[in-house]
Amino acid sequence: MTDNKDKFVFKIVIVGDPAVGKTSLIKKFTQGTFQEDYIQTIGAQLSSYEDEANGDKIELFFWDIAGQDTFHFLRPAFYQGSRAAIIVYSLKRKRSLEHVDEWHEDIKMYCGDLPTILLGNKVDLVDKKKLKEKKVLKLVNKQGFIGYYKTSAKTGEEVIKAFQALIKELYNKYKGLRLQ
Ligand code: G3D
Ligand code: MG
């Protein structure tokens, strides 16, 4: 019998304003198999994670911005070769939501149309019943994000669910291409 199992390697970028919880979310998700490397020349923190779907291997590399100040010059290298993106804002900081559009523009400029999820992080610090979400839902719709989740890197709420949705989307997309 032939072994028809595939191996997929995906680069995923995680962007958003400083201190919204990008690094904490990656840590929370990749915990257990956590490995990290800091690529000083391009100011990125790299974490890897291994997953499986239908016996196929999926290897993920999360690229997280480390120094925000010098980031401007390093954008092309940071974004190059990404297959999906995660945009994070903080439910505690309104301004970080206003910048989501700009982060998305960046992604589109360097990578074209990537499967992207939006995370409203630090949900543990807010009263969910009091959140006004009309604006954000409109944005999700307009930008064509494949998902929107209110996460907490602290409690873990919705973290696995959000990341798994993105991984599933990627797997189905590339598995489909390979089967053609
Ligand atoms: P960044 O990578 O986007 O810059 P970090 O953000 O992951 O470094 O997080 C910034 C701060 O917010 C950290 O606190 C971190 O612990 C906190 N944080 C991140 N996510 C959450 C969350 O979901 N809930 C709560 N309550 N805090 C969160 P410090 O104090 O270390 O600066
Ligand atoms: Mg960080």
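On a predicted model such as this, the values are computed, not experimentally measured, just so you know. In listed order, ligands and their atoms are each counted from 1. Index from 1, following the sequence.
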Give yes if a backbone or side-chain nitrogen or oxygen of Lys122 is under 3.5 Å from a nitrogen or oxygen of ligand 1, and no if not. yes

Is it the case that the ring center of Tyr171 lies less than 6.0 angstrom away from the ring center of Phe8? yes

Okay, side chain of Lys22, backbone of Gly16: is any donor-acceptor separation there less than 3.5 Å? yes

Which one holds for Asn121 and ligand 1: side chain close, backbone close, both close, or neither close, with close meaning a heavy atom under 4.0 Å? side chain

Run the salt-bridge test on Lys7 and Glu59 with the 4.0 Å N-O cut-off and return the result as yes or no. yes

From the candidates Ile26, Thr155, Thr23, the one that places a heavy atom nearest atom 8 (O) of ligand 1: Thr23

Show me which atoms of ligand 1 lie under 4.0 Å from any heavy atom of Ala153. 20 (N), 22 (C), 23 (O)

Could you tell me whether Arg93 and Asp17 have a side-chain N and a carboxylate O separated by less than 4.0 Å? no

Kindly confirm whether the Mg ion (ligand 2) is within less than 2.8 Å of some N/O/S atom in Thr23? yes

By number and element, which atoms of ligand 1 are closer than 4.0 Å to a non-hydrogen atom of Leu125? 26 (N)

Relative to atom 26 (N) of ligand 1, which among Val126, Asp124, Ile65, Val159 owns the nearest non-hydrogen atom? Asp124

Out of Ser152, Ser24, Ala19, indicate the one that has the non-hydrogen atom closest to atom 19 (C) of ligand 1. Ser24

Asp56 side chain vs Asp6 backbone, donor-acceptor pair below 3.5 Å: yes

Given that the side chain starts at C-beta and the backbone is N, CA, C, O, which of these parts of Val20 lies under 4.0 Å from ligand 1, counting heavy atoms, or is it both or neither? both

Give a yes or no on whether the ring-centroid distance for Tyr174 and Phe10 is below 6.0 angstrom. yes

Backbone N or O of Val20 within a donor-acceptor pair of the Asn121 side chain at under 3.5 Å? yes

Could you tell me whether Gly21 and ligand 1 have an N or O pair separated by under 3.5 Å? yes

